[in-house]
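Below, all heavy atoms of this structure are taken into account, side chains as well, without hydrogens, waters or symmetry copies.
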Amino acid sequence: MEYRIEHDSMGEVKVPADKYWAAQTERSHENFKIGVGIETMPREITHAFGVLKKAAAIANHALKPEKMTDEKLAVITKACDEVMSGSLNEHFPLVVWQTGSGTQSNMNANEVIANRGNELAGKKLLHPNDDINMSQSSNDTFPTAMHISAVIAIEDKLFPAIDMLIDTFKRLEKENEGIVKSGRTHLQDATPISFTQEISGWRSSLEKDKKMLEIALPELKELALGGTAVGTGLNTPKGFDVEVAKAVSEITGKTFVTAPNKFHALTSKDELVFAHGALKALAADMMKIANDVRWLASGPRDGLGEIFIPENEPGSSIMPGKVNPTQCEAVTMVAVQVMGNDVAVGMAASQGNFELNVFMPVCIYNFLQSARLLAESIVSFNNNCAVGIKANREKMHHNLHNSLMLVTALNPYIGYENAAKTAKKAYKENISLKEACVALGFLTAERFDEVFHPEQMI
């Protein structure tokens, strides 16, 4: 491998000749060999740095045109666009497990954009610190990248996935109108419910989860940029924080604003904790939905068997013909991971000391993983399972009319205690509720038929 010599305030460093990063990135690359190539700083963060560095250049050009010239802005913009496109990802090698402020990833962005910009300019035009990092500090850029990436992950990836599954459930509600089945509480038989009502519960859960995420978004759209090192805004021109938030909004097409208190923005991660709480709520509901589906589809002969789900792949290497609810299992595993991530996000956010939180990389790593896994697992569950759910009408009808809890319909006519006696007699002697009720003398056969209508109990 060929190398070139780069330098920083600590001296000279050998850097791979074909990479745009420079001395500070290389030092981090050499000093933090923890999860290399596996737990790389999320690409959502790389993209967010492209956004914020471009926005900072635009703001600096408006406020400090003598330093951020037209020429510099032009090449920085081109380099940042390449960063945002992902075409320069190979030049962002650093791992999550680095300095807790994300300083090295900020410098990685500064060095790559400067060197790529110089290449585009055909001369030494840009300096990583003086130009790309102008009016900034790692302490305000990394939390800004966290918020930008979190908002994009939720709005552009997770919301479309949730909406897709909601639409599938709405279709299933319409297709299954009129089907009445046994309800279940405590995993035991309960009073009837329509299949449409059961599905509507799944849909409503997702709609509420989305609403909770929407409530969290305005706080995530507040940016720390402009606070620099400790929140005072040292070395920024007046109005930079407002201008840079405006530029971020224009680049992303989303409404970001400057954080009203930069001392809070640099040290507290409460917005991410709150938003991840909504992600955990979504994970909990997806766990419930996936479990409902696999329980209802259990069998095919010795389980509930009330629904059919798509058969996507063989389920066993030893049992021929076995098919398993694999999409449900993937969703439930994702839910467990998100719940674990919630602990990591909360613990990381609790570690703000004085003017800075130094657990930021692990905080956003877990947050983005949760958003990504939820979005992708919901899409997979929708496309490979939910869209193909079919009611097993015969099994639902059989289970409904075999349920002892239909006796609840008799309460107004024979009372709770007599209804309980009827159910216990029917269960013990393996006879119908009608036979038990008549044998006990509570109702005549004719009167029983008049008042007993399971389909009307929903």
> Which residue pairs pass the salt bridge (charged side-chain N to carboxylate O under 4.0 Å, His left out) test when at least one of the two sits in residues 358-375, sequence neighbours left out?
Replying inline: E44-R372
Taking the side chain as every heavy atom from C-beta outward, state whether [X] and [Y] have any atom pair closer than 4.5 Å.
{"X": "M396", "Y": "L400", "value": "no"}
{"X": "L272", "Y": "H276", "value": "no"}
{"X": "E39", "Y": "V95", "value": "no"}
{"X": "N60", "Y": "K72", "value": "no"}
{"X": "L296", "Y": "R184", "value": "yes"}
{"X": "E219", "Y": "F274", "value": "no"}
{"X": "M286", "Y": "D209", "value": "no"}

Could you measure the distance from the [atom1] atom of [X] to the [atom2] atom of [Y]? Nearest 0.5 Å is fine.
{"X": "I45", "Y": "R43", "atom1": "CD1", "atom2": "CZ", "value": "11.5 Å"}
{"X": "I179", "Y": "E306", "atom1": "CD1", "atom2": "CD", "value": "10.5 Å"}
{"X": "F381", "Y": "M164", "atom1": "CZ", "atom2": "CE", "value": "13.0 Å"}
{"X": "E111", "Y": "Q104", "atom1": "CD", "atom2": "CD", "value": "10.5 Å"}
{"X": "S138", "Y": "N133", "atom1": "OG", "atom2": "CG", "value": "6.0 Å"}
{"X": "K19", "Y": "E90", "atom1": "NZ", "atom2": "CD", "value": "5.0 Å"}

>> I need the full list of side-chain hydrogen bond (donor to acceptor under 3.5 Å, both in side chains) pairs touching residues 291-300, with sequence neighbours left out, sorted by first then second residue.
In response: W202-D292, K288-D292, N291-R294
>> Please list all pairs meeting side-chain hydrogen bond (donor to acceptor under 3.5 Å, both in side chains) that have one or both residues in residues 220-238, counting only residues at least two apart or in different chains.
In response: E155-K221
If you compare all heavy atoms of [X] against all heavy atoms of [Y], which two are closest, and at what distance to 0.1 Å?
{"X": "L206", "Y": "I162", "result": "O-CG2, 3.9 Å"}
{"X": "F32", "Y": "T99", "result": "CZ-N, 4.3 Å"}
{"X": "P42", "Y": "V96", "result": "CD-CG2, 4.1 Å"}
{"X": "A150", "Y": "F367", "result": "CB-CE2, 3.5 Å"}
{"X": "S182", "Y": "A190", "result": "OG-O, 3.6 Å"}
{"X": "I378", "Y": "A161", "result": "CG2-O, 3.4 Å"}

Under a 3.5 Å cutoff, is there a donor and acceptor pairing between the side chains of [X] and [Y]?
{"X": "T103", "Y": "S101", "result": "yes"}
{"X": "N384", "Y": "N312", "result": "no"}
{"X": "H29", "Y": "N108", "result": "no"}

Would the number of heavy atoms belonging to other residues, nucleotides or ligands and lying under 6.0 Å from [atom1] of [X] be above 12?
{"X": "K64", "atom1": "NZ", "result": "yes"}
{"X": "E12", "atom1": "CD", "result": "no"}
{"X": "E119", "atom1": "CD", "result": "yes"}
{"X": "K246", "atom1": "NZ", "result": "no"}
{"X": "E394", "atom1": "CD", "result": "no"}
{"X": "E66", "atom1": "CD", "result": "yes"}

>> If you apply the rule side chain to side chain contact (heavy atoms under 4.5 Å, CB included), what do you find for T144 with F256, and how did you get there?
In response: CA-CA 10 Å; T144 296; F256 288 93; over 6 Å; no
> When L73 is tested against each of D70, V75, T77 for side-chain contact (heavy atoms from CB on, under 4.5 Å), which residue passes?
Replying inline: T77
>> Under the rule for ring pair (Phe, Tyr, Trp, His ring centres under 6.0 Å), what residues qualify as partners of H47, not counting sequence neighbours?
In response: none
> Of all residues at least two apart in sequence or in a different chain, which pass the side chain to side chain donor-acceptor pair (under 3.5 Å) check with S377?
Replying inline: none
Can a donor-acceptor pair be found, under 3.5 Å and without considering hydrogens, that links the side chain of [X] to the backbone of [Y]?
{"X": "R4", "Y": "P16", "result": "yes"}
{"X": "S380", "Y": "E376", "result": "no"}
{"X": "H91", "Y": "Y20", "result": "yes"}

State whether [X] and [Y] are salt-bridged, where the test is any N-O pair (Lys NZ or Arg NE/NH1/NH2 against Asp/Glu carboxylate O) under 4.0 Å.
{"X": "K210", "Y": "D163", "answer": "yes"}
{"X": "D285", "Y": "K208", "answer": "no"}
{"X": "D156", "Y": "K254", "answer": "yes"}

> Given T141 and Q136, is the side chain to side chain donor-acceptor pair (under 3.5 Å) satisfied, shown in steps?
Replying inline: CA-CA 7 Å; T141 59; Q136 304 151 65; 5.5 Å; no
> Going through the checks in order, is the side chain to side chain contact (heavy atoms under 4.5 Å, CB included) test met by V331 and I289?
Replying inline: CA-CA 9 Å; V331 167; I289 292 167; over 6 Å; no
Please list every donor-acceptor pair under 3.5 Å in which a side-chain atom of residues 352-364 meets a protein atom from a residue at least two apart or in another chain.
from : atom 1 : to   : atom 2 : distance (Å)
N357 : OD1    : F359 : N      : 2.7
N357 : OD1    : M360 : N      : 3.4
N357 : ND2    : A348 : O      : 2.9

> Are N341 and K280 close enough, and set up right, to give a side chain to side chain donor-acceptor pair (under 3.5 Å), and what steps lead you there?
Replying inline: CA-CA 9 Å; N341 287 352; K280 183 172 70 170; over 6 Å; no
> Run the side chain to side chain donor-acceptor pair (under 3.5 Å) check on N392 and K181 step by step: do they pass?
Replying inline: CA-CA 10 Å; N392 185 343; K181 61 186 290 292; over 6 Å; no
>> For D140 and K262: C-alpha separation, side-chain torsions, deciding distance, then whether salt bridge (charged side-chain N to carboxylate O under 4.0 Å, His left out) applies.
In response: CA-CA 8 Å; D140 65 351; K262 305 300 189 300; over 6 Å; no
> side chain to side chain contact (heavy atoms under 4.5 Å, CB included) between E271 and M146: does it pass, once the steps are laid out?
Replying inline: CA-CA 11 Å; E271 303 95 343; M146 293 169 76; over 6 Å; no
>> The test is side chain to side chain contact (heavy atoms under 4.5 Å, CB included); show your working for V244 and L223 and say whether it passes.
In response: CA-CA 9 Å; V244 79; L223 303 181; 5.9 Å; no
> Which is it for N324 and E329 under the side chain to side chain donor-acceptor pair (under 3.5 Å) test, yes or no, and what are the steps along the way?
Replying inline: CA-CA 9 Å; N324 296 328; E329 291 165 7; 5.4 Å; no
> For the residue pair Y365 and W97, does the interplanar ring angle fall in the parallel (under 30°), tilted (30 to 60°) or perpendicular (over 60°) class?
Replying inline: perpendicular
